[in-house]
Amino acid sequence: MGFNERVWEVTKQIPKGKVSTYKEIAKALNCRAYRAVGNALNKNPFAPIVPCHRVVSSNGGLGGFAYGVKAKIKILKTEGIEIKEDKIVEFEKRLFKLKTFQEIKR
DNA sequence: CGGTTGACCAAGT
DNA sequence: GACTTGGCCAACC
């Protein structure tokens with residue numbers, strides 16, 4: 001299993017209404033490949049299955065989205081996450097505590 | 001095997 | 001608050 005798949009596995013556990021960051025995902029994989037995480041999500045072939053729209057920047061900003069940031073905002077709002085001025089509202093409270101890749105694979 | 005490119009980050013100006 | 005800088009790591013040429 002390659003790096004990308006591990007990224008997707010970790011991302012899949014984020015529930016509706018919560019978010020996580022590129023950095024946190026890297027941490028869950030026991031490395032610091034924030035940028036590589038972004039790349040992996042960008043190429044994500046499981047568009048709806050892996051909730052890549054729930055992954056945002058560490059500073060509470062939105063990050064990017066393969067189909068446009070606008071679409072990302074729309075989806076997040078649909079799921080009950082408020083966005084103001086391109087920032088996540090109550091960012092810290094919306095953060096989901098990720099499990100390690102190992103823990104997921106139990 | 002180098003060099004470049006990102007949906008990045010933190011610290012410094 | 002806006003830039004710039006250096007560091008990060010997989011993927012692709």
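Chain letters run A, B, ... following the sequence lines, proteins first and then strands; every chain starts at 1.
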Selected nucleotide, minimal atom distance to A/Y22 side chain, candidates C/dA11, B/dA7, C/dC9: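 From the listed options, B/dA7 comes nearest.
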Taking the minimum atom-to-atom distance to the side chain of A/N4, which one of C/dA10, B/dC9, C/dC9 wins?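 Given the options C/dA10, B/dC9, C/dC9, the side chain of A/N4 is closest to C/dA10.
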Mind calculating the distance between [atom1] ([X]) and [atom2] ([N]) to the nearest angstrom?
| X | N | atom1 | atom2 | result |
| --- | --- | --- | --- | --- |
| A/L41 | B/dC8 | CG | P | 10 Å |
| A/L76 | B/dA7 | CG | C1' | 13 Å |
| A/K27 | C/dC9 | NZ | P | 15 Å |
| A/L62 | B/dC8 | CG | P | 11 Å |
| A/F3 | B/dG6 | CZ | C1' | 13 Å |
| A/E24 | B/dC9 | CD | C1' | 12 Å |
| A/R32 | B/dA10 | CZ | C1' | 14 Å |
| A/N39 | C/dC9 | CG | C1' | 9 Å |

Check whether any side-chain nitrogen or oxygen of A/N42 sits under 4.0 Å from OP1 or OP2 of B/dG6, and answer yes or no.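 Checking B/dG6 against A/N42, no side-chain N or O comes under 4.0 Å of OP1 or OP2.
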So does A/K43 get a side-chain nitrogen or oxygen closer than 4.0 Å to the phosphate oxygens (OP1/OP2) of B/dG6?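 The answer is no; no side-chain N or O of A/K43 sits under 4.0 Å from OP1 or OP2.
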Start at the 5' end of DNA chain B and walk down; is the nucleotide closest to A/K23 or to A/N44 reached first?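 On the 5' side of the pair lies A/N44.
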Could you pick out which residue, A/S57 or A/A36, lies toward the 5' side of DNA chain B when each is mapped onto its nearest nucleotide?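 Nearest-nucleotide comparison on DNA chain B picks A/A36.
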Check whether the side chain of A/R35 and the base of C/dC9 form a donor-acceptor pair under 3.5 Å.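 Looking at the base of C/dC9, it does not pair with any donor or acceptor on the side chain of A/R35 (distance under 3.5 Å).
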Using the P atom as the point on both nucleotides, what is the distance between B/dA7 and C/dG6, in whole Å?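 Between the two P atoms, the distance is 22 Å.
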Heavy atoms only, 4.0 Å cut-off, all strands: where does [X] land among base, sugar-phosphate and nothing?
| X | value |
| --- | --- |
| A/A26 | nothing |
| A/C52 | base |
| A/N59 | nothing |

Tell me which of A/G2 and A/Y34 sits closer to the 5' end of DNA chain C, going by the nucleotide each one is nearest to.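 Between the two, 5'-proximity favours A/Y34.
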Taking A/K72 for the side chain and A/V55 for the main chain, is one N or O donor matched with an acceptor at less than 3.5 Å?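 Confirmed, A/K72 side chain pairs with A/V55 backbone.
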Count the heavy atoms belonging to other residues, nucleotides or ligands that lie under 6.0 Å from NZ of A/K87, then report whether that count exceeds 12.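 For A/K87, atom NZ is crowded (more than 12 foreign heavy atoms under 6.0 Å).
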By side-chain contact (heavy atoms from CB on, under 4.5 Å) - contacts of A/I75 (at least two apart):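 Listed in chain order: A/H53, A/F65, A/E79.
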Shortest non-hydrogen contact from A/L76 to A/R54?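 Heavy atoms of A/L76 and A/R54 come nearest at CD2-CA, 4.3 Å.
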Before accepting this row, confirm whether a basic side-chain N of the pair A/K27/A/E24 lies closer than 4.0 Å to the acidic partner's carboxylate O.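 Salt bridge between A/K27 and A/E24, a charged N being under 4.0 Å from a carboxylate O: yes.
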